[in-house]
Each structure stands twice: as C-alpha cells, then as structure tokens.
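Following: one structure in structure tokens, then a few remarks.
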Amino acid sequence: MSSTPMTLNLGEGSVSFSFSPQAARELKAAINELMVSLKAVAAKPTPGGGKVTPQPPLEYRYTGEVFLEVFCNPNIWPTPFAAKVLLTIRNINIRLTTEAELTRLIEDINQYLEQVD
C-alpha cells in the first residue's frame, strides 16, 4: 500500500484517502474505456440517420482501507468534456457521495500516479 494519499478535487473542496498505485492504474484504464464510449456517443450520426448503440456505463469499485465507487453513464453526456461522474467514498465511519467532473478526476489520477511512480 502506498503511503501517498490519493486526493480528488471536487467542486467544493477535496477528499484524500489511502489508494494503491495499482488501483489507480486500473481506474485510469477503466476511464480510458469510458472515454472511448463518450467519444462514440459524441460522434453519433445526424438525426434520422439511425439508432445509436447505447454505450455501457463505467462502474468501477475498489475496496481497501476505503470503498471507492465511480459511476458514469456515457449516454447522457454530449461530450467527454461535459461528463461528470458519481463518486462514493466510504469506510465504517463516513460516507461521501458527490458528483465530480470527469476531466478533473483524470487530472487527479494522473497527478497521483506521477507522485507514486
């Protein structure tokens, strides 16, 4: 387990918690898949050009010293830059559920990985 805490910057503050570098890499890979789905939705054909295939949501879960869940439905966002994720971070003492910007989450993960690698 890394001694460097993961910090996620939210709209109204931030939250830091214990998170492994391996879990951060797995979350980054899951977000990369989400970005492909978001780009597919954003590139949908013009109206009347046929149905768009719904893309699967991101449903990432991590269990360690804290439980982290990240959820995003790519079908409701017009572009990857507009997308937000629902975050749930909890342990036996506290539960935080909030919305965060996807682009900010990506930046926070990249910054964390730079610190620990």
Side-chain angles (χ1 to χ4, degrees):
M1 185 64 69
S2 173
S3 61
T4 304
M6 169 80 147
T7 300
L8 299 180
N9 293 289
L10 309 170
E12 299 292 325
S14 64
V15 62
S16 296
F17 53 93
S18 181
F19 199 57
S20 74
Q22 179 60 34
R25 288 183 201 94
E26 290 169 6
L27 177 55
K28 184 176 182 174
I31 288 175
N32 288 342
E33 290 178 28
L34 173 66
M35 291 299 284
V36 170
S37 296
L38 285 162
K39 290 174 183 174
V41 170
K44 63 184 171 225
T46 57
K51 282 193 159 190
V52 176
T53 304
Q55 297 295 312
L58 165 66
E59 295 182 81
Y60 173 84
R61 288 183 182 90
Y62 166 79
T63 303
E65 288 184 38
V66 299
F67 172 81
L68 170 67
E69 183 175 51
V70 181
F71 176 83
C72 182
N73 180 350
N75 301 298
I76 63 172
W77 302 105
T79 70
F81 302 106
K84 292 188 178 182
V85 298
L86 180 64
L87 293 172
T88 300
I89 302 166
R90 66 178 163 86
N91 66 12
I92 60 172
N93 297 316
I94 191 166
R95 177 186 183 108
L96 170 68
T97 301
T98 189
E99 205 174 54
E101 295 175 3
L102 176 61
T103 53
R104 182 70 245 181
L105 177 62
I106 292 168
E107 289 174 19
D108 291 342
I109 293 167
N110 289 337
Q111 183 178 22
Y112 172 76
L113 288 171
E114 286 173 12
Q115 289 175 348
V116 296
D117 284 341

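Between Ile109 and Ala24, the shortest heavy-atom distance links the atoms CG2-O, 3.9 Å. Residue Val66 comes nearest to Ser18 through the heavy atom pair CG2-O, 4.0 Å, listed as atom of the first residue, atom of the second, then distance. Taking each heavy atom of Ala30 and Tyr60 in turn, the nearest pair found is CB-CD1, 4.4 Å. Considering every non-hydrogen atom in both Leu102 and Pro80, the closest pair reads CD2-O, 4.1 Å.
Considering only heavy atoms from C-beta on, Leu34 comes within 4.5 Å of Pro74 through its side chain. By the 4.5 Å heavy-atom criterion applied to side chains, Pro57 and Phe71 are counted as neighbours. Under the 4.5 Å side-chain criterion, counting only non-hydrogen atoms from C-beta, Phe81 is in contact with Thr103. Two residues are said to be in side-chain contact when any heavy atoms from C-beta on lie closer than 4.5 Å; Leu96 and Leu87 fail this criterion. Looking at Pro5 and Tyr112, their side chains never come closer than 4.5 Å, going by heavy atoms from C-beta outward. Using a 4.5 Å cut-off on side-chain heavy atoms (C-beta onward), Ile89 and Ile94 make no contact. Between Thr7 and Val15, the closest side-chain pair of non-hydrogen atoms is not below 4.5 Å. Residues Glu65 and Phe17 are not in side-chain contact: their nearest non-hydrogen atoms beyond the backbone lie 4.5 Å or more apart.
From Cys72, atom SG reaches atom CG of Leu38 across 5.5 Å, with rounding to the nearest 0.5 Å. A distance of 12.0 Å separates CG of Asn91 from CG of Leu68, quoted to the nearest 0.5 Å. With values rounded to the nearest 0.5 angstrom, Met6 atom CE is found 10.0 Å from Gln115 atom CD. Here the straight-line distance linking atom CG of Leu58 with atom OG of Ser37 works out to 9.0 Å at 0.5 Å rounding. Between atom NZ of residue Lys28 and atom CG of residue Leu113 there is a gap of 6.0 Å, rounded to the nearest 0.5 Å. Here Glu59 contributes atom CD and Glu69 contributes atom CD; the two are 7.5 Å apart, rounded to the nearest 0.5 Å.
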For Asp117 and Arg25, what are the C-alpha separation, side-chain angles and deciding distance, and is it a side-chain contact (heavy atoms from CB on, under 4.5 Å)? CA-CA 11 Å; Asp117 284 341; Arg25 288 183 201 94; 2.6 Å; yes

Go through the steps for Phe67 and Tyr62 under the test ring pair (Phe, Tyr, Trp, His ring centres under 6.0 Å), then give the verdict. CA-CA 6 Å; Phe67 172 81; Tyr62 166 79; 8.8 Å; no

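The closest side-chain donor-acceptor pair between Glu107 and Gln111, if any, does not fall under 3.5 angstrom.
Linking Ile, Leu, Val, Met, Phe, Trp and Tyr residues whenever their side-chain heavy atoms come within less than 4.5 Å places Leu105 and Ile76 in a single cluster. Tracing side-chain contacts under 4.5 Å through hydrophobic residues (I, L, V, M, F, W, Y), one reaches Met35 starting from Val85; they form part of the same cluster.
Partners of Thr98 according to the side chain to side chain donor-acceptor pair (under 3.5 Å) rule, which considers only residues two or more places apart in sequence or in another chain, do not exist here. When the side chain to side chain donor-acceptor pair (under 3.5 Å) test is applied to Asp108, the partners found at least two apart in sequence or on another chain are Asn9, Arg104. Among residues two or more places apart in sequence or in another chain, the side-chain contact (heavy atoms from CB on, under 4.5 Å) test is passed with Glu99 by Lys84.
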